[in-house]
Amino acid sequence: MNELLTPAEMGRADALAGNAQALMDAAGRAVARAIMQRYAPCSTLVLAGPGNNGGDGHVAADYLRQAGWAVTVRAWNKASVAEVARAGLVIDAIFGAGLARDVSPEVAALLRAAKRLVAIDVPSGLDGATGAVRGYAPQAELTVTFFRAKPGHYLYPGRGLCGELVLRDIGLPGSVLAQINPQTWVNGPALWHLPARAPTGHKYSAGDVSVLCGNMPGAARLACAGARRAGAGMVTLAADAPFLPPEAGLIVRAEPLEVLLQDARRKIWVCGPGLGPLAGHKLARLIAAGRIIVADADALTACAGAPEKLRGAAVITPHEGEFSRVFGSLRHDRLSAARAAARATGAVAVLKGADTIIAAPDGRAAINANAPPYLASGGTGDVLAGIIAALLAQEMPAFEAACAAVWLHGAAALKVGPGLLAEDIPAVLGPLMARLRPPFNPADY
Ligand SMILES: NC(=O)C1=CN([C@@H]2O[C@H](COP(=O)(O)OP(=O)(O)OC[C@H]3O[C@@H](n4cnc5c(N)ncnc54)[C@H](OP(=O)(O)O)[C@@H]3O)[C@@H](O)[C@H]2O)[C@H](O)CC1
Ligand SMILES: [K+]
């Protein structure tokens with residue numbers, strides 16, 4: 001159920017199923033049920049559009065009436081702002097998956113007048129493929145969608161406009177997915193597996209991570225903390241000069257990069273957090289040395305306007321500002337932009353935000369949905385880069401490693417709670433990861 005279908009893919013699913021009337025009946029009934037479970041009967045107005053979204057609205061009205069509700073159905077181009085404003089509840093069945101252009105100011109005025117609104121499939125005006133608003137989209141209290149959710153339900157601003165999202169089965173067989181072959185998912189443990197710890201493993205077999213350290217050593221140390229707690233066997237802070245004594249267990253090597261690169265076991269590198277003006281040069285050197293690289297922060301800024309310089313990195317982790325600097329303005333479709341960045345660089349692109357997108361060069365993409373707002377604070381991105389590196393070091397493929405790291409980062413933040421500091425995240429990773437790893441079997445000893 002974690003696949004996300006674009007409106008076009010959903011249209012194909014409907015066509016493959018081939019029983020439109022039954023699907024619409026199930027959809028309308030699901031809407032009526034979801035409403036009755038949450039609202040007391042009240043004067044209800046269904047705004048019905050010209051397509052099947054409107055059809056679902058008519059069916060929902062019938063079921064609500066059968067349950068004794070007072071329901072009026074109005075065609076979207078016949079309703080008045082005054083009657084919308086009078087209604088106790090408005091069911092928005094104007095446009096769904098078939099939205100083809102911006103909604104008109106007249107439709108926007110109608111929707112804006114609703115005091116309380118339940119959306120069928122999507123709030124009208126919300127682009128199900130991108131989460132962008134086309135002209136206008138209302139704030140729903142509840143959105144009922146069918147079979148599989150859409151990217152727009154998980155991408156902002158769409159995610160915020162849906163209110164509570166309810167996904168209902170309407171009898172579409174899951175087997176149609178084999179023909180559609182969806183390439184977008186909600187991120188979660190169903191998408192990846194943390195590797196088992198081998199009973200005979202040693203510190204290098206659990207993975208070696210090196211973190212380049214520059215003029216802001218705190219950032220690199222946060223990346224080290226993320227990598228250590230996410231299970232890397234060896235973590236080295238690669239500093240050009242000796243500095244502050246590190247915490248016990250963190251190795252600091254104040255040697256030139258060239259010397260450190262002579263050790264072939266140093267395969268995985270975090271390049272960027274707090275690295276400063278030398279980041280571009282060091283990134284190029286690591287790429288030339290064929291290392292597996294997580295490029296973040298200053299390494300991304302060093303590639304402003306030159307995404308080709310990131311070719312050879314395994315994972316890139318830009319926030320929106322860094323992304324725009326490297327790849328140009330994001331505009332309305334962050335999902336396509338992340339996919340294009342991954343294709344252009346050959347790296348897995350992690351476009352960080354409240355709805356972090358993880359995109360692979362082959363077109364797969366996951367949208368993360370478990371990050372609390374208080375995760376948006378200084379240093380959390382550095383920790384994330386370290387977690388990704390640790391999972392790469394444990395030989396997870398880059399897309400799965402990035403998805404797992406982003407999800408664990410969000411789950412750890414939820415566990416810490418409000419008031420979180422970046423350094424709190426590594427501390428709670430261990431138990432979270434232990435629950436997701438294959439069970440540890442003492443009989444293996
Ligand atoms: N599997 C499922 O999820 C099912 C979903 N169902 C429901 O069906 C709709 C999708 O139905 P569809 O008929 O394809 O599309 P819409 O109802 O969203 O609207 C299409 C019509 O709207 C016109 N349109 C589009 N944008 C605008 C606009 N900005 N202004 C004015 N008119 C617009 C469009 O006109 P065109 O000129 O572009 O052709 C169409 O007339 C889905 O959302 C679910 O609610 C099924 O009931 C069950 C299976
Ligand atoms: K709608």
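In each ligand, atom 1 is the first atom listed, and ligand 1 is the first ligand listed. Everything quoted here is computed from the prediction, not taken from an experiment.
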Identify which of [options] has a heavy atom lying nearest to [atom].
atom                    : options               : value
atom 26 (N) of ligand 1 : Pro50, Ala100, Ala30  : Ala100
atom 38 (O) of ligand 1 : Arg148, Arg101, Met24 : Arg101
atom 45 (O) of ligand 1 : Asp25, Val59, Asp56   : Asp56

Is there a donor-acceptor contact under 3.5 Å from the side chain of [X] to the main chain of [Y]?
X      : Y      : result
Thr184 : Ala365 : no
Arg148 : Leu5   : no
Thr380 : Leu375 : yes
Asn53  : Ile120 : yes
Asp296 : Pro273 : no

Taking the six-membered ring where the residue is Trp, are the ring centres of Trp76 and Phe95 under 6.0 Å apart?
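Distance test on ring centres: under 6.0 Å, yes.
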Gln21, CD atom: more than 12 neighbouring heavy atoms under 6.0 Å:
no
Is there an N/O/S atom in Ala93 at a distance below 3.4 Å from the K ion (ligand 2)?
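It does not; every qualifying atom lies at 3.4 Å or beyond.
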Contact atoms of ligand 1, heavy-atom distance to [X] under 4.0 Å:
X      : value
Gly96  : 16 (P), 18 (O), 43 (O)
Leu172 : 1 (N)
Asp102 : 29 (N)
Gly51  : 13 (O), 17 (O)

Is it true that [X] and [Y] have a side-chain N and a carboxylate O under 4.0 angstrom from each other?
X      : Y      : answer
Arg221 : Glu423 : no
Asp121 : Lys150 : yes
Lys78  : Glu83  : no

Using a 4.0 Å heavy-atom cut-off, say whether [X] meets ligand 1 through its side chain, its backbone, both or neither.
X      : result
Asp121 : side chain
Phe95  : both
Val107 : neither
Thr145 : neither
Trp76  : side chain

Can you tell me, to 10 degrees, how wide the angle at the K ion (ligand 2) is between [atom1] on [X] and [atom2] on [Y]?
atom1 : X      : atom2 : Y      : value
O     : Ile120 : O     : Phe95  : 110°
O     : Val122 : OG    : Ser124 : 100°
O     : Asp92  : OD1   : Asn53  : 90°

Hey, is atom 41 (O) of ligand 1 under 4.0 Å from any protein heavy atom?
yes
Which residue owns the protein heavy atom closest to [atom], what's the atom, and how far is it?
atom                    : result
atom 17 (O) of ligand 1 : Asn53 N, 2.9 Å
atom 12 (P) of ligand 1 : Asn52 N, 3.8 Å
atom 34 (C) of ligand 1 : Gly98 O, 4.5 Å

Taking the six-membered ring for Trp, are Phe399 and Trp185 parallel (under 30°), tilted (30 to 60°) or perpendicular (over 60°)?
tilted
Are Asp25 and Tyr63 close enough that a side-chain donor and a side-chain acceptor fall under 3.5 Å?
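Yes, because at least one side-chain N or O of Asp25 sits under 3.5 Å from a partner of the opposite role on Tyr63.
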Quick one: does Asp14 get an N or O within less than 3.5 Å of an N or O on ligand 1?
yes
How about Val166 and Thr145: do any of their side-chain heavy atoms sit closer than 4.5 Å?
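When only atoms from C-beta onward are counted, Thr145 and Val166 do not touch, as no gap falls below 4.5 Å.
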